[in-house]
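Protein chains get the first letters and strands the later ones, always in sequence-line order, with residue 1 at the start of each. Only a predicted model underlies this, so the values are computations on that prediction, with no experimental measurement involved.
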Protein chains: 2
Amino acid sequence: MVASMSINQATPILKPARPQPKAPGPALGPCAACDIRALSICNVLSAGELERLRRIITQVQVDAGRTVIEEGAPAEDLFNVVAGTVKLYKLLADGRRQITGFLFPGDFLGIALNDIYAYTAEAIEPLQLCRFPRRKLELLLAELPRLERRLFGEVAHELAAAQDQMLLLGRKTAKERVASFLLQLSRRAAKRRQPPSPLPMPMSRADIADYLGLTTETVSRSFTQLRQAGLIAKDRQNRVEIRNLAGLSALAEDAGEA
Amino acid sequence: MVASMSINQATPILKPARPQPKAPGPALGPCAACDIRALSICNVLSAGELERLRRIITQVQVDAGRTVIEEGAPAEDLFNVVAGTVKLYKLLADGRRQITGFLFPGDFLGIALNDIYAYTAEAIEPLQLCRFPRRKLELLLAELPRLERRLFGEVAHELAAAQDQMLLLGRKTAKERVASFLLQLSRRAAKRRQPPSPLPMPMSRADIADYLGLTTETVSRSFTQLRQAGLIAKDRQNRVEIRNLAGLSALAEDAGEA
DNA sequence: CGACTCGTTGACTCTCTTCAAGGATAGTGG
DNA sequence: CCACTATCCTTGAAGAGAGTCAACGAGTCG
């Protein structure tokens with residue numbers, strides 16, 4: 001029974017982009033210099049196709065704590081995370097919150113069902129985003145089947161992750177949940193070509209709790225238990241070091257997981 | 001900590017179809033007589049397109065308790081549920097089970113990520129399925145963009161449902177979970193043009209428990225509470241009647257749900 | 001330096017689980 | 001047709017894991 005009232009007034013304000021620091025290739029504009037292109041949906045496009053995509057993109061920035069999209073609002077845009085961390089969540093009427101996912105650079109945001117966003121997305125860290133107007137993107141998708149396929153794969157991937165999370169929320173103990181969470185962060189960091197072990201933790205304990213279906217206290221206690229068991233450690237920057245990957249995996253993992 | 005050992009030996013046996021009772025339209029074969037076509041992915045296809053799809057379809061039947069697809073197995077086929085009920089689940093190494101969804105006639109089955117099924121699908125009732133070989137279907141999708149879009153929508157829908165379920169598993173009480181479950185069944189029945197109120201319950205208490213992240217005992221007790229509160233009732237066939245829709249919704253629902 | 005937020009830890013509570021038993025229903029075989 | 005068994009559902013009593021309430025320490029910011 002967690003309320004998790006964030007004090008931040010989550011007003012959806014998207015700053016228009018700061019003037020781009022003009023990358024070398026003038027044709028591709030910001031895309032040429034984009035260091036997460038290889039991770040994002042853009043990675044299936046040829047130079048010419050990328051240029052077409054670029055034309056409908058707006059670069060936007062979002063301050064930490066601000067809302068990018070809001071549950072129930074008309075789904076007018078989709079986004080690609082270029083830099084920063086995002087949390088997605090749904091609320092119950094009385095304020096109970098469930099975080100359904102965290103997004104990192106390269107991740108895609110905004111797939112909606114009935115032209116209505118099904119969840120809220122809020123910046124944990126200052127964000128750099130690529131914004132795609134939905135209408136224009138849909139027109140483009142009809143002409144770029146590879147991009148559409150890529151997007152399909154993205155959604156299928158999210159679905160698989162959601163199913164893993166259901167297993168976690170429905171059947172794992174607190175300690176197992178935290179272990180699973182750390183391993184997930186580690187794997188995703190590795191995919192972004194970042195070190196898998198001293199893990200930066202931009203999200204708060206409350207965020208982790210609302211992601212894992214626990215309370216901040218229980219998350220904290222679980223961290224302590226894992227630390228005392230020698231599975232993890234913390235450095236001064238509050239990063240989490242994985243000391244015993246096998247042990248952590250044994251604790252977290254289900255029958256067959258990636 | 002639920003084990004939910006089902007005794008049934010879940011061997012994946014797909015019976016080749018019984019000889020089709022030859023529907024009037026000879027061209028469309030089984031599709032012409034298919035009474036769930038309007039619900040399924042087929043509903044976006046013209047007659048000619050449907051015929052192309054039909055050519056790659058095999059009709060199969062599955063006995064109750066048998067496995068249709070198995071977590072970890074190579075994803076060679078996709079299916080459309082024509083008749084019967086399916087449960088999808090994932091297992092932990094020690095046998096704990098999480099049911100990630102139930103499928104009813106019209107629902108689609110088998111979207112996989114890395115050509116590997118991410119979950120097991122088991123028949124609750126005897127099934128009638130349309131089987132699509134994945135390879136052939138993929139080739140066809142490239143030529144039938146409408147079908148691909150339809151499938152995309154299907155996956156997006158599943159994702160949204162999964163997010164709702166995460167909210168349920170992470171933050172709702174036992175009574176709220178059961179109420180949500182009943183409403184979900186009711187809505188889906190209505191979509192299939194079946195009466196939304198005396199709800200047939202083909203799944204066992206154990207299945208419901210593993211779907212809601214509870215135990216059979218807690219599910220049973222919650223049912224009793226809802227019954228005593230006058231929100232639901234049961235008839236002799238074990239169907240659940242919704243007596244107070246508003247009350248049930250108030251109990252179940254989050255901020256903004258369909 | 002004080003006010004604030006965040007994370008940690010402790011003590012107690014409570015919801016749900018676990019363990020156990022009884023009742024209902026369906027299928028089987030004498 | 002009626003035991004007899006097996007399975008499922010329900011109910012009760014006791015127990016445990018996580019939640020709630022509360023306090024304290026550490027780091028931050030104005």
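Here the side chains of B/Leu91 and B/Arg96 are not in contact, with every heavy-atom distance at 4.5 Å or above.
Ionic pairing of B/Glu71 and B/Arg97 is not present here: no N-O contact between side-chain nitrogen and carboxylate oxygen is shorter than 4.0 angstrom. Using a cut-off of 4.0 Å between Lys/Arg side-chain N and Asp/Glu carboxylate O, A/Arg227 and A/Glu241 are scored as not salt-bridged.
You won't find any donor-acceptor pair under 3.5 Å spanning the side chain of A/Arg171 and the base of C/dT17, going by distance alone. Residue side chain B/Arg221 reaches the base of D/dG12 through a donor-acceptor N/O pair under 3.5 Å, judged by distance alone.
Taking atom CG of residue A/Leu212 and atom C1' of nucleotide D/dA18, one finds them 13 Å apart after rounding to whole Å. For the pair B/Asp210 CG and D/dC8 P, the computed distance is 13 Å after rounding to whole Å. The CE atom of B/Met201 sits 15 Å away from the P atom of D/dC8 (whole-angstrom rounding). Following rounding to the nearest Å, A/Gln228 (CD) and C/dT8 (P) show an atom-to-atom distance of 12 Å. Remark: P of D/dC9 and CG of B/Asn238 are 8 Å apart, rounded to the nearest angstrom. The nearest whole Å value for the distance from the CZ atom in A/Arg96 to the C1' atom in D/dA18 is 16 Å. Taking atom CZ of residue B/Arg236 and atom P of nucleotide C/dT25, one finds them 12 Å apart after rounding to whole Å. D/dC9 atom P lies 11 Å from atom CD of B/Glu217, rounded to whole Å.
For C/dT8, the OP1/OP2 oxygens have no side-chain nitrogen or oxygen of A/Thr216 closer than 4.0 Å. Taking side-chain N and O atoms only, B/Thr215 has no distance below 4.0 Å to OP1 or OP2 of C/dC16. Within the structure, a side-chain polar atom (N or O) of B/Lys234 is placed less than 4.0 Å from OP1 or OP2 of D/dT10. Remark: A/Ser220 is in phosphate contact with C/dT8, judged by side-chain N or O atoms under 4.0 Å from OP1 or OP2.
The distance from atom CG of B/Leu182 to atom CD1 of B/Ile242, rounded to the nearest 0.5 Å, is 6.0 Å. Here CG of A/Leu169 is found 5.5 Å from CZ of A/Arg177. Values are rounded to the nearest 0.5 Å.
Within the nucleic acid shown, B/Lys175 has no heavy atom closer than 4.0 Å to any nucleic acid atom. If you check every strand for non-hydrogen atoms under 4.0 Å, B/Ser204 touches sugar and phosphate atoms only.
Which of C/dC16, C/dT8, D/dC21 sits closest to the side chain of A/Arg205 comes down to C/dT8. The side chain of B/Leu214 lies closest to C/dT17 when the candidates are D/dT10, C/dT17, D/dA18.
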